[in-house]
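I have placed the structure first, in the form of structure tokens, so that the comments after it can refer back to it.
Lettering follows sequence order; numbering is per chain, from 1. Computed from a predicted model, the values in this text were never measured in an experiment.
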Amino acid sequence: MALGNKLQSSTVERKWQEKWEKEKIYSPISASPEHPYYNLMMFPYPSAEGLHVGNMYAFTGADVYGRFIRMQGNDVFEPIGLDGFGIHSENYAIKIGKHPTKLAKTTQARFYAQLHSTGNAYDWSKTLETYDPGYYRWTQWIFTRLFKQGLAYRAEAPVNWCPSCKTVLADEQVIAGKCERCASEVSKKKLAQWFFRLASGQRPDGTAYPESLLANLEKIDWSPKVRIAQTNWIGRSEGMEIRFKIEDSNLTIPVFTTRPDTLHGATFLVLSPDSDWVEEFTNEENQESISEYIKTSHKTRFSKAKSRAKTGIFTGKYVLNPLTGKAIPIWVADYVVAGYGSGAIMGVPAHDERDRDFAVKFKIPIVEMQPDESLWVEIEEKGWGERHINYHLRDWLISRQRYWGPPIPMIYCEHCAQDGKGEQKEMPGWYSVPEDKLPVELPFVENYRPTGTGISPLATDPDFYKTPCPGCGQEAKRETDVSDTFLDSAWYYLRYPSVGTSAAAWDPEVTKTWLPVNMYIGGAEHSVLHLLYSRWLAMVFKDMGLIGFEEPFTRFYAHGLLIKEGAKMSKSKGNIVVPDAYIAKFGADTLRTYLMFLGPFDAGGDFRDTGIEGMRRFIDRIWSLYSQKGKKGTVPEEVKKEIVVKMHQTIKKVSEDIAALRYNTAISAIMEFVNLLREDRAQAASAERDAALRTLILLLAPFTPHLAEEIWVNGLGEKFSVHNAAWPEFDRELVKEEEVTIVVQVNGKLRGQLKLKAGESKTQAEIENMARNDTKISSWIVKDSIKKVVYVPGKLINFVTG
RNA sequence: GCCGAGGUGGCGGAACGGUAGACGCACAGGACUUAAAAUCCUGAGACCCAUUUGGGUCGUGGGGGUUCGACUCCCUUCCUCGGCACCA
């Protein structure tokens, strides 16, 4: 067989994509693998523009790694799917006026076609989409399990409200006071919502979930910056909870502080406007002004936090400082947040900058003092309070007043509620939908747009919400909110290997073989959203005996972000670059290699297409190495030797670099190798050249899978497939250069070089003499002025003169 | 404000404390061609001297320091990008 003169990328690429899928070489699940390796990349949410080069950048990087691991003898499972449920998809549907159900169909087809064209080693028999009832049935099942476990609860609370998306948001989805999706200003609204006990939950052994989430970070191999981001987000603080007795009352207000040693300087107490305590101090006199204050504070909740001037209102009541016995005023102010600690603080203006600002503004006394370490003990001994650990992490607000998501599988029965009956004692009237009644299918609702009133569009559909009570059989009402899209993605990795199983969310045997995920590659922007939710849910599953591990991703690698003209690619900025045209013109192999060559994979970069032609030229030059007959004649021995050395050096360098995801330098090493093989002196046929050409294809296979396969099978006549071939090994002896260069320095400056044969062993004295005898070098050394000679064997000699 | 990453030719970027600028893009000159494209070959951090071959000085955001030797380590400062942000 022979290769054509010119590489026809589109034909060749499509041919092999079809062949790979037909031969199922990337479908290892049912093949009882010896070395299972789960190589996962974060699944995309399908926007209607399609996959952009930023997605492709991330996926290619993950695929290169997977292909490398595969060639090292692992059975690599590399799945892909679509995170198509949720606000982002729905907002786009609204914008273009197409129903999300219909839009999902077209974007799915487009995405999968594009993903095929990139040539990744996906297992196309294990795709999943979060909006598929066969998938979200199990998302709902998870919800019901959490409810039964007491980890899902409904409560009325002030929550983040996005006026544009017309829904509530979890804390993690509010970025600098703005909606993570649409960038609108977020305000606070008091609504009854479902929460997961991400922060307040306890493990069977009594450990708080945040504690385990924090402790486990030490055990997993994750990009440090993501671990740090999670640590900060979980935000552990050690301190004390101190009780302040209300004057003329038996009630005490608990306050969390990390500085109990400054208790003697506490001259006031501040309640968050959202604290339940506020009601306690509201009377006819101050009612109007307090509720007015709360209202305005909700509106300005997030705006420019630090620079904001302090505001507040005095309740007219006092508490007693347990240490000084003095009555100190109780204020309400929005610089205290409700969800942290007890929603109340002691104001120590002499010590805390914020408290000082507040005290100055409202003319509250400032008592200067020195912190007193002994108070830690005294407070506990006197029974004023005790040691306490607080977390920044909050419970996960799961409800969304939207259409495009899995309906929350809960039913509320008024009759049972009145009788105090229900599935959970604490929540009378509430029942989870029985497992055999799942999924609660999302009905087709013509007017799916958010209502803006705090209730979901599903609440307008009686056919949907009217249902018999699972407890008493009388008419009851379904929950009409849907769940957060981050719940969909918090467990998808568990489903992939079990796609096709309808009896369970995941097959226990398959799960045992394939999980946890060996390598997870994705964007660092998910540090505190997806990655934290996934970890928590896995921990919960472990505690419920549903899986055998508690950390879902053994290794996580954060890739860099590919941007365009300094900005993240986004529809609103209109800077989305779609790979299709590049793939059509240059081939997927060229684009893949180009993207991986841009710079370090963890650094990302600015996408420019200058230079992509150059990468295509490189691909063509490789092609011509195999399509053209070698030159006649013989190759000198030293050139043969040079080829062998370079080959082994390249294997070493490329292997090490890919293992560390340093793709740009791996590619440059391959380029150097190609450059040598293209030199005239190396052209003539020889066994060494043949070995080099074969090795080159193996090294290229992860980057240019189609080109490598075509040359492997049709150029070299090897057995299909190169992607099942073994990764080449290097010989430690043959990596060594023939000739060693010793750098000669005088006072640290380069003054000359000495060339030595590799095997030659020289003493320092001999090297020194050689250097002195070199006229060029000796001119720099003034006689008898040498104070010191530094010699690094095989590397360098440095003469230090006085 | 706090945390994290980073500042190297015209550009993307390489460099276990040991020859700074690998590899590539863009560029320039040459070969091939009637011509162009494609391809191939050659050159190249800046500056200075010799200008044929060479040789030297400076140079990794700025300023200090450690070291025989610093892009690399330490201190300090400026700038850029990302994350968190009144969390007590």
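- Between A:L269 and A:I345, every side-chain heavy-atom pair lies at or beyond the 4.5 Å cut-off.
- The distance from atom CD of A:Q628 to atom P of B:A38 is 18 Å, rounded to the nearest whole Å.
- Residues from residues 656-672 of chain A that place a heavy atom under 4.0 Å from any atom of RNA chain B, listed by number: A:N664, A:T665, A:S668, A:M671, A:E672.
- When each of A:Y391 and A:R608 is assigned the nucleotide of RNA chain B with its nearest heavy atom, A:R608 is the one assigned upstream, toward the 5' end.
- In this structure, the side chains of A:P260 and A:I242 come closer than 4.5 Å at one or more pairs of heavy atoms.
- Comparing the same atom, C1', in B:A15 and in B:G69 gives a spacing of 16 Å after rounding to whole Å.
- Looking at heavy-atom distances under 4.0 Å, A:K795 makes contact with a base.
- Straight-line distance between the C1' atoms of B:C78 and B:G64: roughly 15 Å, to the nearest whole Å.
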Give every pair of a protein N or O atom and an N or O atom of nucleotides 68-72 of chain B that lie under 3.5 Å apart, one pair per line with the distance.
unit_1: B:C68; atom_1: OP1; unit_2: A:K788; atom_2: NZ; d: 3.2
unit_1: B:C68; atom_1: O2'; unit_2: A:N798; atom_2: ND2; d: 3.4
unit_1: B:C68; atom_1: O2; unit_2: A:N798; atom_2: ND2; d: 2.4

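- The side-chain heavy atoms of A:K646 and A:I643, taken from C-beta on, include no pair separated by under 4.5 Å.
- Using a 4.0 Å heavy-atom criterion, one finds that A:R678 contacts the sugar-phosphate atoms exclusively.
- Under the Watson-Crick or G-U wobble criterion, with both distances below 3.5 Å, B:C25 is paired with B:G10.
- Residues A:L217 and A:L213 have side chains not in contact (no heavy-atom distance under 4.5 Å, counting atoms from C-beta outward).
- At the heavy-atom level, A:P600 lies under 4.0 Å from the strands shown only through sugar-phosphate atoms.
- Across B:C16 and B:U53, the matching C1' atoms stand 37 Å from one another, rounded to whole Å.
- Contact between the side-chain N/O atoms of A:Y335 and the OP1/OP2 oxygens of B:A88 is not found at any separation under 4.0 Å.
- Glycosidic conformation of B:G9: syn, with the torsion inside 90° of 0.
- Side-chain atoms of A:F597 lie closest to B:G12 of the nucleotides B:G12, B:G4, B:C40.
- Ring geometry, A:Y520 versus A:H530: the interplanar angle exceeds 60°, so the pair is classed perpendicular (tilted spans 30 to 60°).
- Spacing between B:G6 and B:U72 at atom C1', rounded to whole Å, works out to 14 Å.
- Nucleotide B:U53 forms a pair with no other nucleotide shown, judged by Watson-Crick or G-U wobble geometry with both contacts under 3.5 Å.
- If you run ring pair (Phe, Tyr, Trp, His ring centres under 6.0 Å) between A:W396 and each of A:Y209, A:F195, A:Y533, only A:Y533 comes through.
- B:G59 is unpaired under the criterion used here, namely a Watson-Crick or G-U wobble arrangement in which both key atom distances are under 3.5 Å.
- Mapped onto RNA chain B by nearest heavy atom, A:I228 and A:G343 fall at different nucleotides, with A:I228 at the one closer to the 5' end.
- Between the side chains of A:T60 and A:Y594, no donor-acceptor pair of N or O atoms lies under 3.5 Å.
- Surrounding CG of A:D221 are more than 12 heavy atoms belonging to other residues, nucleotides or ligands, all under 6.0 Å away.
- The stretch residues 253-264 of chain A touches RNA chain B through A:F256, A:T257, A:T258, A:R259, each having a heavy atom within less than 4.0 Å of the strand.
- One interatomic measurement links the two molecules: CD1 of A:I797 to C1' of B:G18, which rounds to 13 Å at whole-angstrom precision.
- Side-chain contact annotation: A:Y335 with A:D355, donor-acceptor N/O pair under 3.5 Å present.
- At a cut-off of 3.5 Å, with distance as the only test, no side-chain donor of A:S627 or A:N5 sits close to an acceptor on the other residue.
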Distances for protein N/O vs nucleotides 55-58 of chain B N/O pairs under 3.5 angstrom?
unit_1: B:G55; atom_1: OP1; unit_2: A:K776; atom_2: NZ; d: 3.4
unit_1: B:U57; atom_1: OP1; unit_2: A:R751; atom_2: NH2; d: 3.4
unit_1: B:U57; atom_1: OP2; unit_2: A:R751; atom_2: NH1; d: 3.4
unit_1: B:C58; atom_1: OP2; unit_2: A:K749; atom_2: NZ; d: 3.0

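- For the pair A:H559 and A:D602, the minimum side-chain heavy-atom distance is 4.5 Å or more.
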Q: For side chain to side chain donor-acceptor pair (under 3.5 Å), just list the numbers for A:Y791 and A:E768, CA-CA rounded to whole Å, side-chain angles, deciding distance to a tenth of an Å, and then say yes or no.
A: CA-CA 9 Å; A:Y791 177 60; A:E768 269 183 52; over 6 Å; no
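- B:G83 atom C1' lies 15 Å from atom CD1 of A:I234, rounded to whole Å.
- Rounded to whole Å, the distance from CG on A:N160 to P on B:A85 is 10 Å.
- When rounded to the nearest whole Å, the span between CG of A:N675 and P of B:U42 equals 11 Å.
- Annotation: side chain to side chain donor-acceptor pair (under 3.5 Å) contacts of A:E679 (sequence neighbours excluded): A:R681.
- Comparing B:U19, B:A88, B:G12 by their nearest atom to the side chain of A:I345 picks out B:A88.
- Following rounding to the nearest Å, A:L598 (CG) and B:C11 (P) show an atom-to-atom distance of 16 Å.
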Any protein N or O atoms within reach of nucleotides 63-66 of chain B? Criterion: under 3.5 Å, listing atom names and distances.
none

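- The aromatic rings of A:F556 and A:W222 sit tilted, their planes meeting at an angle between 30° and 60°.
- Heavy atoms of A:R616 sit nowhere under 4.0 angstrom from any nucleic acid atom.
- With rounding to whole Å, A:F618 atom CZ is found 17 Å from B:U39 atom C1'.
- Here the separation of B:G62 from B:G9, taken at their P atoms, is 10 Å to the nearest Å.
- Below 30°, between 30° and 60°, or above 60°: for A:W331 and A:F314 the angle between ring planes is between 30° and 60°, a tilted geometry.
- Counting heavy atoms from C-beta on, the side chains of A:F586 and A:S9 never come closer than 4.5 Å.
- Contact annotation: A:R617 reaches the phosphate of B:C25 (side-chain N/O to OP1 or OP2, under 4.0 Å).
- Contact annotation for A:G235: no contact, since no heavy-atom pair falls under 4.0 Å across all strands.
- Among the atoms of the strands shown, base atoms are found under 4.0 Å from some heavy atom of A:Q753.
- Between A:E241 and A:R243 there is no salt bridge, since no side-chain N of the basic residue sits under 4.0 Å from a carboxylate O of the acidic one.
- Between B:C32 and B:C71, the distance separating the two P atoms is 45 Å to the nearest Å.
- Counting only heavy atoms from C-beta outward, the side chains of A:L198 and A:R394 never approach each other to under 4.5 Å.
- In this entry B:C81 has B:G4 as its Watson-Crick or G-U wobble partner, both defining distances falling under 3.5 Å.
- The closest side-chain donor-acceptor pair between A:R621 and A:S624, if any, does not fall under 3.5 angstrom.
- The local environment of NZ in A:K585 is sparse, with at most 12 non-hydrogen atoms from other residues, nucleotides or ligands closer than 6.0 Å.
- Applying the 4.0 Å criterion to OP1 and OP2 of B:A88, one finds that A:S237 has a side-chain N or O inside that range.
- Partner assigned to B:G69 is none, using Watson-Crick or G-U wobble distances below 3.5 angstrom.
- In this structure, A:D352 atom CG and B:A88 atom P are separated by 9 Å, rounded to whole Å.
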